Participant: 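Encoded as structure tokens, here's the structure I'll be asking about.
Every value quoted in this text rests on a predicted model; they were computed, and no experiment measured them.
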Amino acid sequence: MSDLMSATEKFDEQIKEAGITEVEVQTHYPPDDFDWPDLADKQDKLEALPPAPVDALPVVLRDMCREASVAFKISIEAAIINALSVVSGCASRHYTARIKKGVEARPNLYALTFQVPGERKSSTFKPFTRAPEKWICEQRDDWEDKKIDKEIRVGKIEALKRKLKNDTSENPHADLEEIKKLQKEPEICNPNFIKDEGTSEALARRMKDCDEQLLLASSDASQTLAVMFGKYAKDGRPDIGFYLKSFDGDPYGSERSNEDNSIHMDDPCLSIALTTQVRELEAIKRNPELFGSGFMSRFLFCVPDGLAGAVDEGGEIIRKYDDAVISAATEEKYLKLIYMLLEDRKRIKTEYQLPICDEARSRWIEFYNDTERKMGAEYADAKDTVIRLPHLALKIVAGLAVYRADDAPSITPQDMNNAIRLVEYFWLHTERLLGMISKRKMPKLVRRIIDKLKKDGANVIQTSPMLKNLSVKAEDLQEAIKWMLDNKHCREIEVVNTHRPQGGRKPATNYEVNPTLL
């Protein structure tokens, strides 16, 4: 870059010495019939999705999603992803689907839905969160009583410690044994395991109180995402360490100078069910490290078509009012499922490995190999996202086996096929997302180049000025331009400088940018 800049500056000096105040530039464009590909059309129009595989869900969830979709006029795919993620937050973290040692997963899921305004985001949420919220309310009185017991126990421990520290204990050995006994009493579990926002530290503290398991759920997640993406971080970088560790249960620790304020968890388990506006995609655009860190690859995404104002083939509005509701029978079955899962969470304290038959195991291995093969071809530019699809399928299948509410849940071939169908369907939504944020179509430096041209109202990349404005290396700029040439984002144009004093330096090639990008 320094060599290129010095050459440019030398050329400028030569122009000044020759007394030339303005350089006449002639730009020779290719023929007028040049056919630009309409990149704007590809980026703005979402490809049609196949029907959502609602039949891949267990019957109770299938009925809830279908009836909620009809009753509240919401997209069926938004209902499916919210049902899966909310229910996964109710299932015990001790359920495990295992292919082999080291290749295993728990049911907890991370889900993020992007919707345009007017899509009734709360209505896609409430039908599924109402049941666990009811369970929490029923547990609250007992929790308050137990908190008093805990405060008394903590007070006894502190009093005994003071006696030992001040050497006023009449029987130090007995007091020490009593402290150990009191400390071994089981911790009281906070039943309020649902939180709608908070810093990672606040979420970790609530999770610690809830037996290391938490559901982060919000139908208006703009503030939650802002915090997650670094709003309160000193360096403005995304604060994602807690989320990464809580996905698979890696030990988490938050050290503080005061030991009492430190947080330590051996097996954290977080489920996420968030819905937000499409405009929040801008925050993801500004944080490309969210993909590089593997954070975004842990999510199932949903980007449904907007229903507000839409009409069917007969010209009738799709969301026309009617008296449809979720039936009492369907709501009761869903409530029973949630209560069963939450009672199992209280009861199961060690790993429960879900049996998996050979056919189901072979089907997962086939899906893994097929995904790996595609990463070298059609998914080559999205490896950091697609790599986790087999793991997400394993998480989903762990849940599907449990949500049937069998006495001895196990993973069947049908469970595995359904899990893979769901993962493949929501991968189509992920591809929508990647297209909307230009993750697959446009590298970061290319986006900066186009943003600069838009700001300047220009349509031609002039290499030297662009180097100065963006402060990047010459080889990086050339690599970005090569990518743009290969993907029809720009084309070379011949620039002829009529004034080249003292031999001058041949002008660098300029590039006209595809007008559909501007």
Side-chain angles (χ1 to χ4, degrees), residues 47 49-58 77 80-81 84-85 88 91 95-112 244-245 247-250 290-303 351-404 409-435 439-441:
E47 293 186 9
L49 292 166
V54 66
D55 60 306
L57 299 175
E77 55 263 50
I80 291 172
I81 201 168
L84 284 172
S85 52
S88 81
Y95 286 121
T96 305
R98 178 177 294 174
I99 300 298
K100 66 176 184 179
K101 186 177 181 180
V103 181
E104 54 201 33
R106 305 181 297 180
N108 66 304
L109 295 171
Y110 287 6
L112 181 53
L244 296 176
K245 291 182 178 295
F247 187 70
D248 289 317
D250 295 330
L290 293 172
F291 283 95
S293 66
F295 177 60
M296 300 308 288
S297 69
R298 286 166 165 79
F299 279 82
L300 291 172
F301 292 104
C302 183
V303 189
E351 180 183 350
Y352 182 96
Q353 187 174 325
L354 296 160
I356 179 170
C357 69
D358 290 341
E359 186 179 348
R361 182 176 179 274
S362 297
R363 178 68 183 95
W364 183 89
I365 293 172
E366 177 188 350
F367 178 59
Y368 171 91
N369 289 335
D370 185 52
T371 303
E372 187 70 19
R373 190 175 298 109
K374 289 179 178 179
M375 285 171 61
E378 62 185 283
Y379 296 154
D381 55 350
K383 291 180 181 179
D384 52 1
T385 307
V386 77
I387 189 173
R388 214 170 298 272
L389 294 185
H391 187 60
L392 292 175
L394 204 54
K395 279 184 165 292
I396 290 177
V397 81
L400 297 183
V402 173
Y403 308 153
R404 285 200 311 273
S410 61
I411 298 171
T412 68
Q414 187 63 49
D415 290 332
M416 189 63 76
N417 283 326
N418 286 337
I420 291 171
R421 286 178 63 203
L422 287 163
V423 164
E424 290 180 330
Y425 175 75
F426 284 109
W427 169 248
L428 298 178
H429 284 262
T430 303
E431 288 192 301
R432 276 188 164 195
L433 174 77
L434 294 173
K439 170 65 180 173
R440 298 188 74 181
K441 295 188 177 80

Participant: Starting at NZ of Lys395, measure out to OG1 of Thr96 and round the result to the nearest 0.5 Å.
Facilitator: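 Here the interatomic distance stands at 9.5 Å.
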Participant: For the pair His391 and Val103, evaluate side-chain contact (heavy atoms from CB on, under 4.5 Å) and give the outcome as yes or no after the intermediate values.
Facilitator: CA-CA 8 Å; His391 187 60; Val103 181; over 6 Å; no
Participant: Please name the pair of heavy atoms, one in Pro58 and one in Leu400, separated by the smallest distance, quoted to 0.1 Å.
Facilitator: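 Closest heavy-atom pair between Pro58 and Leu400: CD-CD2, 3.6 Å.
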Participant: Nearest 0.5 angstrom please: Lys383 NZ to Thr371 OG1, how far?
Facilitator: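 OG1 of Thr371 is found 13.5 Å from NZ of Lys383.
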Participant: Can you give me the closest heavy-atom contact between Tyr403 and Ser88, atom names plus distance?
Facilitator: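 For Tyr403 and Ser88, the tightest heavy-atom pair comes out as OH-CA, 3.2 Å.
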Participant: Applying salt bridge (charged side-chain N to carboxylate O under 4.0 Å, His left out), name anything that partners Asp370, two or more places apart in sequence or on another chain.
Facilitator: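 If we apply the salt bridge (charged side-chain N to carboxylate O under 4.0 Å, His left out) test to Asp370, skipping adjacent residues, the hits are Arg373, Lys374.
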Participant: Check whether any side-chain heavy atom of Asp384 lies under 4.5 Å from a side-chain heavy atom of Met296, and answer yes or no.
Facilitator: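 Asp384 vs Met296: side chains apart.
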Participant: Output the distance between atom CG (Leu433) and atom SG (Cys302), rounded to the nearest 0.5 Å.
Facilitator: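 Between Leu433 CG and Cys302 SG, I get 11.0 Å after rounding to 0.5 Å.
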Participant: Which heavy-atom pair separates Leu434 from Ala382 by the least distance, and what is that distance?
Facilitator: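 Shortest heavy-atom contact: CD1-CB, 4.2 Å.
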Participant: Is the closest side-chain heavy-atom distance between Glu424 and Phe367 below 4.5 Å?
Facilitator: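 They are in side-chain contact.
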Participant: Taking all heavy atoms of Arg361 and all of Ile99, pick out the closest pair and write down the distance.
Facilitator: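 It is NE-O, 3.2 Å.
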Participant: Within a strict 4.5 Å, meaning less than it, do heavy atoms of the Tyr95 and Gln353 side chains meet?
Facilitator: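 Side chain of Tyr95 against side chain of Gln353, heavy atoms only: no contact under 4.5 Å found.
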Participant: Examine distances only and state if a side-chain atom of Arg432 and a backbone atom of Leu428 form a donor-acceptor pair shorter than 3.5 Å.
Facilitator: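 Side chain of Arg432 to backbone of Leu428: no pair is present.
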Participant: Could you tell me the separation between the CD1 atom of Ile411 and the SG atom of Cys357, rounded to the nearest 0.5 Å?
Facilitator: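 The distance works out to 9.0 Å.
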Participant: Does the side chain of Thr412 reach to within under 4.5 Å of the side chain of Arg404, using non-hydrogen atoms?
Facilitator: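 With C-beta onward as the side chain, the pair touches.
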Participant: Are Arg421 and Phe426 close enough that some pair of their side-chain heavy atoms sits under 4.5 Å apart?
Facilitator: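 Arg421 vs Phe426: side chains apart.
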Participant: Apply salt bridge (charged side-chain N to carboxylate O under 4.0 Å, His left out) to Glu351 and list each qualifying residue two or more places apart in sequence or on a separate chain.
Facilitator: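 Testing Glu351 for salt bridge (charged side-chain N to carboxylate O under 4.0 Å, His left out), a comparison that skips the adjacent residues, returns Arg98.
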Participant: Using the rule given for side-chain contact (heavy atoms from CB on, under 4.5 Å), can you reason through Met416 versus Ile356, listing the C-alpha separation, both sets of side-chain angles and the distance that settles it, and then say yes or no?
Facilitator: CA-CA 9 Å; Met416 189 63 76; Ile356 179 170; 3.8 Å; yes
Participant: Roughly how far, to the nearest 0.5 Å, is the CH2 atom of Trp427 from the CG atom of Leu300?
Facilitator: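 Taking CG in Leu300 and CH2 in Trp427, the distance rounds to 11.5 Å.
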Participant: Just to verify, what does Phe299 make a ring-ring contact (aromatic ring centres under 6.0 Å, His included) with, not counting sequence neighbours?
Facilitator: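 If we apply the ring-ring contact (aromatic ring centres under 6.0 Å, His included) test to Phe299, skipping adjacent residues, the hits are Tyr110, Phe295, Phe301.
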Participant: Run the side-chain contact (heavy atoms from CB on, under 4.5 Å) test on Leu57 and Leu84 for me, step by step, so that the C-alpha distance in whole Å, both residues' side-chain angles and the decisive distance to 0.1 Å come before the verdict.
Facilitator: CA-CA 9 Å; Leu57 299 175; Leu84 284 172; 3.8 Å; yes
Participant: Just wondering, are more than 12 heavy atoms of other shown residues or ligands nearer than 6.0 Å to CD1 in Ile387?
Facilitator: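 Counting other residues, nucleotides and ligands, CD1 of Ile387 stays at 12 neighbours or fewer.
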Participant: What I'd like to find out is whether the side chain of Tyr379 reaches to under 4.5 Å of the side chain of Glu431, using heavy atoms alone.
Facilitator: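 Of all side-chain heavy-atom pairs linking Glu431 with Tyr379, at least one is under 4.5 Å.
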Participant: Between CG of Leu389 and CD of Glu372, what distance do you get to the nearest 0.5 Å?
Facilitator: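 Atom-to-atom, Leu389:CG and Glu372:CD are 11.5 Å apart.
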Participant: Closest approach of Leu49 and Val303, non-hydrogen atoms and distance?
Facilitator: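 Smallest interatomic distance, heavy atoms only, reads CD1-O, 4.5 Å.
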Participant: Please name the pair of heavy atoms, one in Ala398 and one in Arg106, separated by the smallest distance, quoted to 0.1 Å.
Facilitator: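 Minimum heavy-atom contact is CB-C, 4.4 Å.
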Participant: Between Ile420 and Val423, is a side-chain contact (heavy atoms from CB on, under 4.5 Å) present by the stated rule, with each step listed?
Facilitator: CA-CA 5 Å; Ile420 291 171; Val423 164; 5.6 Å; no
